[in-house]
Amino acid sequence: MECFGAIGTLLGCSAGAAVCGLLFAAFKLGLLYQLFHKTETKSPRHGGESVAEVLRAHGVKYVFTLVGGHISPVLVACEKVGIRIVDTRHEATAVFAADAVARLSGTVGVAAVTAGPGLTNTVTAVKNAQMAESPLLLIGGAAGTLLKGRGALQDIDQMSLFKPLCKFCASIRTVREIVPTVRKALAVAQSGTPGPVFIEFPIDTLYPYHLVSKEFTVKNPPKGLMGKIITWYLNNHLMNLFAGAWETRDVSPLPVDIPQATDDQVQRCIELVSRAKKPVILLGSQATLPPTPADDVSLFAQCMSRGMLGKNSPIHIRQNRRDALKEADLVLLAGTVCDFRLSYGRVLNRRSKIIAVNRDKTQLLKNSDLFWKPTIAVQGMFATYHHNPGYFLQESKHTNEKTEHHLNPLKVLHQVDELMAEDSIIVADGGDFVGSAAYILRPRGPLQWLDPGAFGTLGVGGGFALGAKLCRPESEVWIVYGDGSSGYSVAEFDTFGRHKTPVIAVVGNDACWSQISREQVPMLGSNVACGLAFTDYHIVADGFGGKGYLVGREDEDRLNDIIRQAQKETQEGKATLLNVLIGKTNFREGSISV
């Protein structure tokens with residue numbers, strides 16, 4: 001009898017395991033879901049419409065793209081609901097433009113590119129957005145759900161590529177997943193430390209049923225049982241792909257989680273600041289992030305925070321940061337990181353009280369185990385601090401320094417600064433020439449200076465300027481290019497023309513990668529790979545539908561007139577480029593490039 005009991009127990013366990021196995025298989029195959037949710041085989045709708053509905057509900061106004069068949073339904077649907085589609089000449093530009101929109105609008109920037117090489121072309125721009133803490137959604141095409149890993153066109157492991165770069169990555173498996181996944185991605189992009197998110201859309205999740213079903217038809221299935229199994233499996237996969245696809249779903253924004261300082265931390269900070277006699281605020285890019293309006297933030301400003309205090313503020317430290325920090329009795333690192341820009345914390349006076357505020361815990365305490373220690377470390381958002389950090393200002397010299405054959409770059413920049421409009425947005429894209437511009441050009445207000453940030457990426461110019469002009473169509477948008485960096489995005493003059501986004505570009509053309517050459521030649525005795533040519537970038541701009549000007553030494557006395565003419569052309573709708581032939585100065589001698 002005990003033997004029969006044991007057999008019964010085993011049979012019972014086996015039956016239970018079998019039932020569990022069958023239920024799991026039914027779940028994975030979508031059979032259970034299909035019992036309660038209909039597949040509308042006659043519906044003309046497609047997954048791109050679901051994407052567009054969510055983006056519109058979240059206030060997205062622009063989708064930047066370089067078109068590809070994998071993502072066409074998204075672009076068509078977005079245009080139909082009033083979202084402007086802006087196509088560029090390179091996928092990286094599309095992401096850079098979305099990055100600029102995120103910075104200037106306080107919403108999530110959106111870019112959509114095709115599968116495979118379309119996505120790999122965005123990697124640098126996505127990494128730049130990650131390091132710049134820009135909330136950005138990258139939409140990517142992908143091979144069909146059943147064709148991944150089977151040699152389909154442009155099929156690669158995209159998820160592994162973007163997981164290290166993005167806060168959130170997802171691959172859509174059924175049409176019904178689109179709405180909740182896009183909502184979640186947009187919330188994650190803005191929560192905590194903002195950053196990029198990525199969703200890949202297999203092509204069969206975006207096109208309508210009647211088109212997708214044709215790809216699932218087996219013309220000559222194997223005979224016998226195997227043929228029936230394959231036909232059933234494909235049909236079931238198709239039905240599950242669209243089951244419940246068009247049921248009503250909430251498309252409204254999810255709550256965004258933003259870290260906040262505790263009342264105790266705020267009180268301790270107030271006490272330290274109130275006792276300080278020589279406080280200095282190092283204001284980082286996080287000060288421009290929502291929900292606090294950038295206009296309300298009142299300071300050495302770096303990267304995106306340049307311009308917070310206007311162009312002539314008596315409390316803005318434009319240079320001499322190191323001397324100011326030596327004298328400071330309190331330093332507030334407001335979204336500023338102790339990385340290479342602060343010599344990993346070595347420039348901070350060990351006698352100073354240090355308040356560090358950052359949304360990201362890792363950035364908050366970076367290198368605090370080596371060269372500095374925070375008195376108070378707050379993981380949270382930087383809001384508004386009102387205290388006079390003193391006056392440290394040094395105007396650039398060398399403006400009268402003679403260059404041998406061409407224009408003095410510092411004088412050129414000073415004249416640009418004098419003539420640019422008060423609403424101007426400055427986009428910085430380059431090395432040596434842009435490094436000088438950072439000292440001389442004075443952003444007129446908050447969010448009127450755009451640079452790549454800590455990653456030091458070249459090539460942001462065209463995309464950043466495109467996004468900026470769309471967000472602020474009435475403003476002058478200036479790209480300050482080095483001649484080397486201009487090569488990355490000068491083709492976007494075609495985009496500026498087609499999308500009626502006239503900008504002004506100033507190319508500091510010294511026929512050299514000067515920031516590298518400045519160190520390489522004295523250290524290693526060779527200028528190899530640093531030399532360029534005095535290329536006719538003005539003719540390139542003409543060829544792409546813009547208006548180019550060549551500006552040389554012989555034009556020195558009428559430089560102001562040329563700049564004003566470029567401004568006039570831009571106001572009339574023509575993107576312009578000033579190809580300014582510049583000489584060498586010693587102004588940035590000793591600057592670092594690594």
Side-chain angles (χ1 to χ4, degrees), residues 10-11 13-51 68-74 76 114-120 139-162 169-178 181 199-247:
L10 287 172
L11 289 173
C13 291
S14 299
V19 170
C20 289
L22 288 171
L23 286 173
F24 180 74
F27 172 76
K28 292 294 288 183
L29 292 169
L31 296 174
L32 296 179
Y33 188 86
Q34 292 178 62
L35 288 175
F36 304 100
H37 300 274
K38 183 180 178 182
T39 300
E40 299 181 37
T41 60
K42 302 297 184 183
S43 175
R45 297 190 62 185
H46 56 78
E49 296 173 356
S50 299
V51 177
H70 288 85
I71 57 167
S72 290
V74 173
V76 171
T114 198
L119 277 163
T120 58
I139 293 170
T145 51
L146 289 179
L147 294 178
K148 288 191 174 185
R150 296 182 180 274
L153 174 67
Q154 300 178 333
D155 179 32
I156 61 170
D157 182 2
Q158 299 171 164
M159 298 298 284
S160 295
L161 194 62
F162 285 96
C169 290
S171 181
I172 299 297
R173 296 168 298 177
T174 62
V175 179
R176 61 182 174 270
E177 295 177 7
I178 292 176
T181 304
I199 306 175
E200 71 167 14
F201 290 83
I203 192 168
D204 49 359
T205 65
L206 290 178
Y207 280 83
Y209 179 92
H210 72 275
L211 291 178
V212 175
S213 62
K214 295 177 182 178
E215 300 300 319
F216 280 79
T217 302
V218 182
K219 294 181 179 179
N220 297 301
K223 295 181 180 180
L225 180 61
M226 182 56 66
K228 292 180 179 179
I229 291 174
I230 291 174
T231 301
W232 176 87
Y233 178 80
L234 291 175
N235 183 66
N236 177 72
H237 185 85
L238 174 64
M239 299 299 284
N240 184 51
L241 195 63
F242 286 88
W246 315 125
E247 295 175 5

(request) Please indicate whether Glu247 has more than 12 foreign heavy atoms, meaning atoms of other residues, nucleotides or ligands, lying under 6.0 Å from its CD. (result) yes
(message) Using a 3.5 Å distance criterion without hydrogens, assess whether the side chain of Gln158 forms a donor-acceptor pair with backbone atoms of Gly141.
(response) yes
(request) Ignoring hydrogens and angles, tell me if any N or O in the side chain of Thr39 forms a donor-acceptor pair with the backbone of Met239 under 3.5 Å. (result) yes
(message) Tell me whether Arg176 forms a cation-pi arrangement with Phe242, defined as NZ or CZ under 6.0 Å from the six-membered ring centre and within 45 degrees of its axis.
(response) no
Reported [atom1]-to-[atom2] distance for the pair [X] and [Y], which is rounded to 0.5 angstrom:
{"X": "Asn235", "Y": "Thr217", "atom1": "CG", "atom2": "OG1", "value": "9.0 Å"}
{"X": "Leu234", "Y": "Ser213", "atom1": "CG", "atom2": "OG", "value": "12.0 Å"}
{"X": "Ser43", "Y": "Glu49", "atom1": "OG", "atom2": "CD", "value": "7.5 Å"}
{"X": "Thr231", "Y": "Lys228", "atom1": "OG1", "atom2": "NZ", "value": "10.0 Å"}
{"X": "Leu211", "Y": "Leu206", "atom1": "CG", "atom2": "CG", "value": "12.0 Å"}
{"X": "Leu153", "Y": "Thr114", "atom1": "CG", "atom2": "OG1", "value": "8.0 Å"}

Looking at [X] and [Y], what are the two nearest heavy atoms and their distance?
{"X": "Met159", "Y": "Ser171", "result": "CE-N, 3.8 Å"}
{"X": "Ala243", "Y": "Tyr33", "result": "O-CE2, 3.5 Å"}
{"X": "Ala152", "Y": "Ala143", "result": "CB-CB, 3.8 Å"}
{"X": "Pro208", "Y": "His46", "result": "N-CB, 3.5 Å"}
{"X": "His237", "Y": "Thr145", "result": "NE2-OG1, 2.8 Å"}
{"X": "Trp246", "Y": "Ser50", "result": "CZ3-OG, 3.7 Å"}

Does the side chain of [Y] come within less than 4.5 Å of [X]'s, by heavy atoms?
{"X": "Leu146", "Y": "Tyr233", "answer": "yes"}
{"X": "Glu40", "Y": "Arg45", "answer": "no"}
{"X": "Tyr209", "Y": "Pro44", "answer": "no"}
{"X": "Leu147", "Y": "Asp155", "answer": "no"}
{"X": "Ile178", "Y": "Phe201", "answer": "yes"}
{"X": "Leu119", "Y": "Leu161", "answer": "no"}
{"X": "Thr205", "Y": "Thr174", "answer": "no"}
{"X": "Ile71", "Y": "Ile203", "answer": "no"}

(request) Hey, could you give me each pair passing salt bridge (Lys or Arg N to Asp or Glu O under 4.0 Å) that has a residue in residues 199-213? Not counting sequence neighbours. (result) Lys148-Glu200
(request) State which residues pass side chain to side chain contact (heavy atoms under 4.5 Å, CB included) with Asn236; sequence neighbours excluded, sorted by chain then number. (result) Leu29, Leu31, Gln34, Trp232
(request) Return the set of residues passing ring-ring contact (aromatic ring centres under 6.0 Å, His included) with His210 (not counting sequence neighbours), or none when no residue passes. (result) none
